[in-house]
K.L.:
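Here's a structure for you.
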Amino acid sequence: MYKWIIVGGGIQGCTIAVQLLQAGKVSTQELLIIDPYSRPMHKWLSLTEKIGMTYLRSPFVHHMDTRPFALKDFAEKNDYTKPFLGRYKRPQLQLFNDHCKSLFDQLHITKSWHQATVRQLKSVGTNAWSVETDQNTFTTERVVLAMGVNDNPYWPGWAIEAKSHYPKKVSHLFTENSPPPSSVCVVGGGLTAAHMAVLLCENPGVEKVTLIKRHDFRVHDFDSDPGWLGPKYLNNYHKIISLPERRATIKEARNRGSIPREMFLKLKRLEADGSLKCIDDEIQDVSTHLANPLLHFKRNQSESFEGIYLATGSAQGLPEEIWLKHVIDRESLQCADCGFPIVTKQLEWKKGLHVAGPLAELEIGPVSRNISGARKAAAILSSISI
Ligand SMILES: Cc1cc2nc3c(=O)[nH]c(=O)nc-3n(C[C@H](O)[C@H](O)[C@H](O)COP(=O)(O)OP(=O)(O)OC[C@H]3O[C@@H](n4cnc5c(N)ncnc54)[C@H](O)[C@@H]3O)c2cc1C
């Protein structure tokens, strides 16, 4: 029997694994990380590479190690050039990834890695859980559900229609890899869309790049105010008893579809020199009788593109909703009106069953999905004594 099983080996799951091991709460033999991919953080690594991201949005103290200055020390020791950017010292992506890899190597995380997909979860008596994958069944004292939302892309209705007629010309950045044709649009107003648009503008094989977004650029350094990282806002947040009010607070606090100033300036420069066209409008419909999809806007004239990249984020709702709903019913797990778990301060949903990332949002607050949220979850879980 394992002590801890972590479902999902993305940033959330790996941060928890690292900090449980660093705290000596578990050995690699007592820990299992179950994830469908062969390597830790696969979704993060492939998505950030695909969009050509070079620096993180979050500051240098947001990383996997328990020690706040570990990333800075790692950068100095290994002599990185331009390791951090700007006044918030955003880390270089390569540096961040190398640091994660070095932690995984030091802690022998691969010994705890199991490539599979979890399909079922059942309590066994009062002190154990049985975790069923597409291959095996394992038992454990504690489980952490750390499935992210990046596996669950949001497809607007018009895009589903377009995809059914042009399967190779329409793709979502969260799931597919498709080479860019010469005239391409990116749909979305957030940082993923912005990175992709910049990358396409730098690609000599692409002649025309259009960024389609529903609103003006929203410029914010972070995707929520740094006050949400500590007591400044969290003290009041934790006093909110009404869960719909907590959900509304999270929604208001998150700067969805926003970009930091340096990215805004980069896009403005590309627009000014004619490399990038921006359309601020809503796509209402698509015509599918031509060689390429023809997009119809609310206000602007219709335009066709040889390729469409969706950067429309993830669908609302629980990660892995289908099997998780069965678990919720069978185990009588409590959920708020928004469908998300009601958990204790130890992020415990039921005895021995814990959550992290989006699933821990109502407890951790607006930063829960980010690296800082992963650090908070990891700190809480590694302080539990078993
Ligand atoms: C482009 C981009 C840039 C970002 N930059 C930053 C940043 O600079 N700073 C910051 O703090 N945050 C950033 N974020 C937000 C967030 O930190 C990332 O999205 C991060 O990858 C989320 O990690 P995760 O572990 O929740 O999800 P994921 O990376 O999606 O990992 C979850 C894992 O769980 C697996 N899983 C799902 N279902 C199952 C199952 N049934 N069984 C087993 N495994 C399963 C998935 O396959 C996946 O491997 C960024 C997000 C994006 C999209």
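Note that the structure is predicted; figures quoted are calculated from it, not measured. Position 1 is the first residue of the sequence; numbering continues from there. Counting convention: from 1, in listed order, for ligands and their atoms alike.
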K.L.:
Just jot down the ligand 1 atoms closer than 4.0 angstrom to any heavy atom of Y37, in number order.
P.N.:
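Here the atoms of ligand 1 in question are 47 (O), 49 (O).
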K.L.:
Closer than 4.0 Å to some heavy atom of M147 - which atoms of ligand 1 meet that?
P.N.:
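Reading through ligand 1 atom by atom, the close ones are 34 (O), 37 (C), 38 (N), 39 (C).
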K.L.:
What protein heavy atom is closest to atom 34 (O) of ligand 1, reported as residue, atom name and distance in Å?
P.N.:
G8 CA, 3.2 Å
K.L.:
Do other residues, nucleotides or ligands put more than 12 heavy atoms under 6.0 Å from the NZ atom of K325?
P.N.:
no
K.L.:
Among all protein heavy atoms, pick the one closest to atom 11 (O) of ligand 1 and tell me residue, atom and distance.
P.N.:
I371 N, 2.8 Å
K.L.:
Of the listed options (L121, T133, D35), which comes nearest to atom 48 (C) of ligand 1 when hydrogens are ignored and any heavy atom counts?
P.N.:
D35
K.L.:
Which of the numbered atoms in ligand 1 are under 4.0 angstrom from any heavy atom belonging to V7?
P.N.:
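Near V7, the atoms of ligand 1 are 42 (N), 43 (C).
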K.L.:
Go through the side-chain N and O atoms of Q12 and R375 and say whether any donor and acceptor fall under 3.5 Å apart.
P.N.:
no
K.L.:
Is there a heavy atom in G357 that sits closer than 4.0 Å to ligand 1?
P.N.:
no
K.L.:
Check step by step if salt bridge (Lys or Arg N to Asp or Glu O under 4.0 Å) holds for E303 and K208.
P.N.:
CA-CA 12 Å; E303 278 200 44; K208 189 179 146 208; 3.4 Å; yes
K.L.:
For atom 29 (O) of ligand 1, find the nearest protein heavy atom and state the residue, atom name and distance (0.1 Å precision).
P.N.:
K43 CB, 3.7 Å
K.L.:
For atom CD1 of I322, is the number of surrounding heavy atoms from other residues, nucleotides or ligands below 6.0 Å larger than 12?
P.N.:
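Atom CD1 in I322 is not crowded, with 12 or fewer foreign heavy atoms closer than 6.0 Å.
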K.L.:
Which heavy atom of the protein is the closest neighbour of atom 12 (N) of ligand 1, given with residue, atom name and distance?
P.N.:
N370 OD1, 3.6 Å
K.L.:
For atom 51 (C) of ligand 1, grab the closest protein heavy atom and report residue, atom and distance to one decimal in Å.
P.N.:
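Sorting protein heavy atoms by distance from atom 51 (C) of ligand 1 puts W44 CZ3, 4.5 Å first.
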K.L.:
Is it the case that over 12 heavy atoms from other parts of the model lie below 6.0 angstrom from the NZ atom of K266?
P.N.:
no
K.L.:
Below 4.0 Å from any atom of ligand 1, is there a heavy atom belonging to H62?
P.N.:
no
K.L.:
Assess whether atom CZ of R256 is packed by more than 12 heavy atoms of other residues, nucleotides or ligands within 6.0 Å.
P.N.:
no
K.L.:
Please evaluate residues D280 and R214 with respect to the criterion salt bridge (Lys or Arg N to Asp or Glu O under 4.0 Å), reporting the C-alpha separation (whole Å), side-chain torsions for both, the decisive distance (0.1 Å), and the verdict.
P.N.:
CA-CA 5 Å; D280 285 7; R214 287 188 296 189; over 6 Å; no
K.L.:
Taking 4.0 angstrom as the limit and counting only heavy atoms of L47, give me the atoms of ligand 1 inside it, by number and element.
P.N.:
53 (C)
K.L.:
Is there a polar contact, in the sense of an N or O pair closer than 3.5 Å, between V118 and ligand 1?
P.N.:
yes
K.L.:
Quiz question: by atom type and distance under 3.5 Å, do the side chains of N292 and Y166 form a donor-acceptor pair?
P.N.:
no
K.L.:
Which atoms of ligand 1 have any heavy atom of L56 under 4.0 Å away?
P.N.:
8 (O)
K.L.:
What do you reckon, does E320 have a nitrogen or oxygen under 3.5 Å from a nitrogen or oxygen of ligand 1?
P.N.:
yes
K.L.:
Check whether any N or O atom of Q12, backbone or side chain, sits under 3.5 Å from an N or O atom of ligand 1, and answer yes or no.
P.N.:
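Yes, there is a polar N/O contact under 3.5 Å.
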K.L.:
Under 4.0 Å from any heavy atom of W323, which atoms of ligand 1 are there?
P.N.:
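Atoms satisfying the 4.0 Å criterion: 41 (N).
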K.L.:
May I ask you to decide whether R246 forms a salt bridge with E361, counting only side-chain N to carboxylate O separations under 4.0 Å?
P.N.:
no
K.L.:
Which heavy atom of the protein is the closest neighbour of atom 27 (O) of ligand 1, given with residue, atom name and distance?
P.N.:
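The answer is G148 CA, 3.5 Å.
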K.L.:
Above 12 or not: heavy atoms from other molecules or residues under 6.0 Å from CZ of R261?
P.N.:
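Check fails, neighbour count at 12 or below.
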K.L.:
Between ligand 1 and I11, is the shortest N or O to N or O distance under 3.5 Å?
P.N.:
yes
K.L.:
Could you pull out all donor-acceptor pairs under 3.5 Å where a side-chain atom in residues 122-129 meets a protein atom, sequence neighbours excluded?
P.N.:
unit_1 : atom_1 : unit_2 : atom_2 : d
S123   : OG     : E331   : OE1    : 2.6
S123   : OG     : E331   : OE2    : 3.3
N127   : OD1    : K351   : NZ     : 2.7
W129   : NE1    : K351   : O      : 2.9

K.L.:
Can you figure out which of D151, L145, V149 has its heavy atom closest to atom 46 (C) of ligand 1?
P.N.:
D151
K.L.:
If the condition is side chain to side chain donor-acceptor pair (under 3.5 Å), which residues does N152 pass it with, not counting sequence neighbours?
P.N.:
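Expected list: none.
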K.L.:
Does only the side chain of R57 get under 4.0 Å from ligand 1, or the backbone, or both, or neither? Count heavy atoms.
P.N.:
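Within the 4.0 Å criterion, R57 contacts ligand 1 through backbone and side-chain atoms alike.
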K.L.:
State yes or no: are the ring centers of F96 and Y55 separated by less than 6.0 Å?
P.N.:
no
K.L.:
Around Q284, counting heavy atoms of other residues, nucleotides and ligands shown, do more than 12 lie under 6.0 Å from its CD?
P.N.:
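Yes, CD of Q284 has more than 12 neighbouring heavy atoms, counting only those of other groups under 6.0 Å.
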K.L.:
Check ligand 1 against T192 and write out every atom of the ligand that is under 4.0 Å from a heavy-atom position of the residue.
P.N.:
1 (C), 53 (C)
K.L.:
Examine ligand 1 and decide if any of its atoms is less than 4.0 Å from a heavy atom belonging to T117.
P.N.:
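Contact check T117 vs ligand 1: positive.
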K.L.:
In terms of atom number and element, which parts of ligand 1 are under 4.0 angstrom from non-hydrogen atoms of I51?
P.N.:
1 (C)
K.L.:
Surrounding NZ of K101 (heavy atoms of other residues, nucleotides or ligands, distance under 6.0 Å), is the total greater than 12?
P.N.:
no
K.L.:
May I ask whether atom 3 (C) of ligand 1 is less than 4.0 Å from at least one protein heavy atom?
P.N.:
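Flag for atom 3 (C) of ligand 1 set to true, protein heavy atom closer than 4.0 Å.
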K.L.:
Among N150, I16, I34, which one has a heavy atom closest to atom 22 (C) of ligand 1?
P.N.:
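Result: the heavy atom closest to atom 22 (C) of ligand 1 is in N150.
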K.L.:
Identify the protein heavy atom lying closest to atom 7 (C) of ligand 1, giving its residue, its atom name and the separation to 0.1 Å.
P.N.:
S58 OG, 3.5 Å
K.L.:
Between R90 and E262, is there a side-chain N and carboxylate O pair less than 4.0 Å apart?
P.N.:
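Salt bridge flag = yes for E262 with R90.
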K.L.:
Taking the six-membered ring of F74, is the NZ or CZ of K72 close enough (under 6.0 Å from the centre) and on axis enough (within 45°)?
P.N.:
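Geometry flag: not set, cation outside 6.0 Å or 45°.
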K.L.:
When you measure from the heavy atoms of R369 to every atom of ligand 1, does any distance fall below 4.0 Å?
P.N.:
yes
K.L.:
Identify the closest protein heavy atom to atom 45 (C) of ligand 1: which residue and atom is it, and at what distance?
P.N.:
P36 CD, 3.7 Å
